[in-house]
Amino acid sequence: LTVLAEPDGVEAMIARLRDVLSARRLPGGGWPFSSGSSQMALEPTCLTLLALRPDTFMPTQILIDSQRTDGGWPSFAGDDQSSGLTGLALLTLNRFGIAHHARRRAVRWLMQTRGKEADWPWNWKFRTRDTHVRFDPRKFGWPWHNGTCSWVVPTSFAVLALKREFPDKRPRAVARRIQTGVEMLFDRACPRGGWNAGNGVVYGRPMAPHIDSTAIALLALQQEPASEIAALSLAWLDGQARDCNAPWNLAWSILALHGYDRPVDRLQRRLACLAQSEPLTDIATLAITVLALDCKASANPFHFPE
Amino acid sequence: MMLGQSQRTGHSIVDSLPFLVPRYNFERRPAGSRVAILPASEYSGKLSNLLWEGLKLFKPNVVGKCVLLKPNLVDYIPGAEINTHPTVVVAAAESFRRFGATRVVVAEGPGHQRDTQLVLQATGLAQQLNEHGIPFVDLNRDEVVKVRLRANYSGLKNLWLPRTLLSADFIVSMPKVKTHHWAGVTLSLKNMFGVVPGVKYGWPKNLLHWRGIQQCIVDLAATVPIHFVIADALVCMEGNGPLAGTSRRLDRIVLSDDCIAADVTCARLMGFAPERIPHIAETAKFLGNISPERIMQLAERVASPGVPFKTVPEFEFLRA
């Protein structure tokens with residue numbers, strides 16, 4: 001493949017993918033998931049902004065404009081509820097060091113939002129009667145959708161965003177909320193390491209982890225004290241990444257392994273080959289691919305400390 | 001149904017209550033339904049001919065239409081019979097093309113795995129779709145439209161649904177026949193949870209669990225018409241499905257022009273009493289047929305297995 005044959009092949013590919021991302025920006029701002037869509041969606045918009053690192057204010061304005069009055073962000077244009085990816089939006093704005101007022105409101109939303117299992121009737125029920133899924137409801141994170149339980153991906157993004165927003169001298173309430181989220185992540189891990197959506201054991205059976213959830217959870221757990229679960233998860237991710245040919249999962253693996261100072265060159269080359277051999281039509285995947293290919297040359301936006 | 005099952009990943013307390021009050025105001029139950037149980041011993045190229053001959057019994061009117069095939073793709077776990085087999089999906093697509101469909105698209109929004117491409121690759125479906133030029137749409141990331149529900153069992157009133165789904169003329173539900181630890185079974189009705197977009201409802205689609213899995217299945221069935229069913233009952237799953245069960249062979253493909261009749265037939269093939277499955281019993285009141293007198297079997301007759309499918313303890317009452 002030409003990308004490997006030419007010395008600057010990967011850099012040229014990153015530049016080309018950035019051009020593709022720029023070209024797919026919607027006329028009203030933001031990015032949809034797929035090229036054929038005109039519906040701005042939060043996840044591709046955040047990931048693309050992080051990948052493009054625009055030096056003008058304009059592309060990020062859509063993110064500020066789409067924030068809801070409660071401080072959260074909807075998953076897509078037209079939705080009238082805040083979503084579990086609010087942490088990712090806050091992380092994105094923080095990356096550019098802009099929109100302090102919007103970020104304060106987002107922090108307030110994150111501080112007020114929690115999985116339904118945190119409410120006492122459900123907490124009691126999950127501890128005493130409803131125990132087919134093994135988890136401790138006292139350790140709660142953030143839900144995908146208001147009024148439901150906590151899950152790994154929204155919790156990981158919320159923890160990452162709060163850690164980044166308060167890098168030191170955290171207010172006690174924020175520190176406590178981060179800690180509860182971190183405890184939730186450890187609690188929901190699969191017994192042999194890694195994370196899936198958040199069901200480690202169901203009906204006594206250990207469930208299989210997922211690559212992207214594991215990577216995002218590990219990124220959220222950077223700077224936490226060393227633990228057996230994190231070590232097992234990192235080893236599992238390392239092994240999975242070697243054989244992974246799905247760009248989304250491979251890209252998240254690279255970002256997480258890089259966050260833990262593991263070598264990623266070979267994985268980056270494989271990701272570049274994948275991106276070259278088959279056009280990526282999903283914009284979120286395209287953006288995370290750019291971030292993963294570029295994480296050593298530029299800063300990994302999910303890495304602590306930067 | 002037992003109280004106390006998981007709302008986190010399972011159904012709610014309201015699920016445990018019988019459907020006492022009808023919450024629909026229309027009826028589209030056909031006077032009669034047709035089902036064809038076809039013997040099939042292996043996932044191979046022979047399935048193309050089997051499906052073609054089987055579909056000819058129904059003569060589906062898809063000329064000039066956009067057909068959407070909705071397989072059951074949840075996750076990939078090596079060795080586990082979780083997903084509708086790619087051979088069945090491709091054979092179905094080829095058959096509908098031969099019947100004159102202008103466009104056949106395969107679409108799914110996996111409920112566990114966020115990386116749909118990984119599921120497609122690992123199951124071999126991506127390669128088969130590429131070879132046959134069949135497009136795939138990830139319903140978790142498709143453009144979405146707010147739709148008013150046509151029944152009100154869950155109390156949701158509206159759901160955001162993918163535009164690709166709503167623009168299809170002919171929807172084919174293609175479940176993998178499985179037991180399900182929260183819903184009892186995964187058949188053509190439960191399979192439609194995959195059309196609910198993760199971009200709005202997350203992974204898993206936990207809101208549907210909180211609002212009652214059985215109730216949401218009924219609301220979805222009332223709102224999104226299933227025009228045809230092709231159920232992969234060749235190698236099935238029993239026990240702790242939909243992910244952690246064990247393989248169980250039925251060696252059948254089940255076709256039907258009525259999703260309720262299809263699920264009734266599959267439940268019987270599994271050794272279950274379909275009238276004990278709440279979402280089947282309720283949808284049979286207004287969407288399709290449960291009575292054997294109204295279901296014409298076009299191929300093999302329904303035969304219960306010697307030993308019913310294993311279930312988790314809470315669903316042992318399903319056994320006929």
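- Within the 4.5 angstrom heavy-atom criterion, atoms from both the backbone and the side chain of B:V144 approach chain A.
- Under the 30°/60° scheme for interplanar angles, the aromatic rings of A:H145 and B:Y201 are found to lie parallel.
- Between chain B and the options A:G147, A:G204, A:P137, heavy-atom pairs under 4.5 Å are most frequent for A:G147.
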*Should A:V153 and B:W203 be marked as a side-chain contact (heavy atoms from CB on, under 4.5 Å) after you check the CA-CA gap, both sets of side-chain angles, and the distance that decides it?*
CA-CA 9 Å; A:V153 169; B:W203 288 262; over 6 Å; no
*Would you please test B:K200 and A:D79 for side-chain contact (heavy atoms from CB on, under 4.5 Å) and show each step?*
CA-CA 8 Å; B:K200 167 65 181 167; A:D79 191 8; 2.8 Å; yes
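- Contact tally against chain B (heavy-atom pairs below 4.5 Å) for A:P247, A:A284, A:S37, A:P154: the top residue is A:S37.
- The parts of A:S38 that come within reach of chain B are both its backbone and its side chain, each placing non-hydrogen atoms under 4.5 angstrom from that chain.
- For B:K146, the part lying near chain A is the side chain, with the backbone staying farther off; criterion is any non-hydrogen pair under 4.5 Å.
- In this structure, the separation between SG on A:C244 and CG on B:L118 is 6.0 Å, given to the nearest 0.5 Å.
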*Could you walk me through whether A:W248 and B:Q117 pass the side-chain contact (heavy atoms from CB on, under 4.5 Å) test, one step at a time?*
CA-CA 8 Å; A:W248 172 266; B:Q117 188 62 30; over 6 Å; no
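- For the atom pair CZ of A:F76 and CD of B:E143, the computed distance is 10.5 Å after rounding to the nearest 0.5 Å.
- Judged by the 6.0 Å and 45° rule, B:R114 forms no cation-pi pair with A:W151.
- Environment of NZ in B:K65: crowded, with over 12 heavy atoms of neighbouring residues, nucleotides or ligands closer than 6.0 Å.
- Residue contact with chain A, scored on non-hydrogen atoms closer than 4.5 Å, involves the backbone and the side chain of B:L207 alike.
- Ring geometry for A:W122 against B:W210 counts as perpendicular: the plane angle is over 60°, on a 0 to 90° scale with 30° as the lower cut.
- Residue-environment remark: CZ (A:R192) stays at or below the threshold of 12 foreign heavy atoms within 6.0 Å.
- Looking at B:N206, its side chain never comes within 3.5 Å of a backbone N or O of A:T148 through a donor-acceptor pair.
- Between A:M207 and B:I77 there is no side-chain heavy-atom pair separated by less than 4.5 Å.
- In this structure a side-chain-to-backbone donor-acceptor pair under 3.5 Å is missing from B:R141 to A:F33.
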*side-chain contact (heavy atoms from CB on, under 4.5 Å) between B:R163 and A:Q39, worked out*: CA-CA 11 Å; B:R163 191 177 288 283; A:Q39 188 171 50; over 6 Å; no
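- B:E316 CD: more than 12 foreign heavy atoms inside a 6.0 Å radius.
- Side chain to side chain, B:D75 and A:H210 meet the donor-acceptor criterion of an N or O pair below 3.5 Å.
- With a 4.5 Å cut-off on non-hydrogen atoms, A:N245 touches chain B through its backbone and its side chain both.
- Interface remark: A:N196 contributes no atoms to any contact with chain B (heavy atom separation under 4.5 Å).
- Interface remark: B:Q121 contributes side-chain atoms only to the contact with chain A (heavy atom separation under 4.5 Å).
- Summarising the geometry, atom CG belonging to A:N249 is positioned 4.0 Å from atom CG belonging to B:D115; distances are rounded to the nearest 0.5 Å.
- Heavy atoms of other residues, nucleotides or ligands lying less than 6.0 angstrom from CG of A:N146 number 12 at most.
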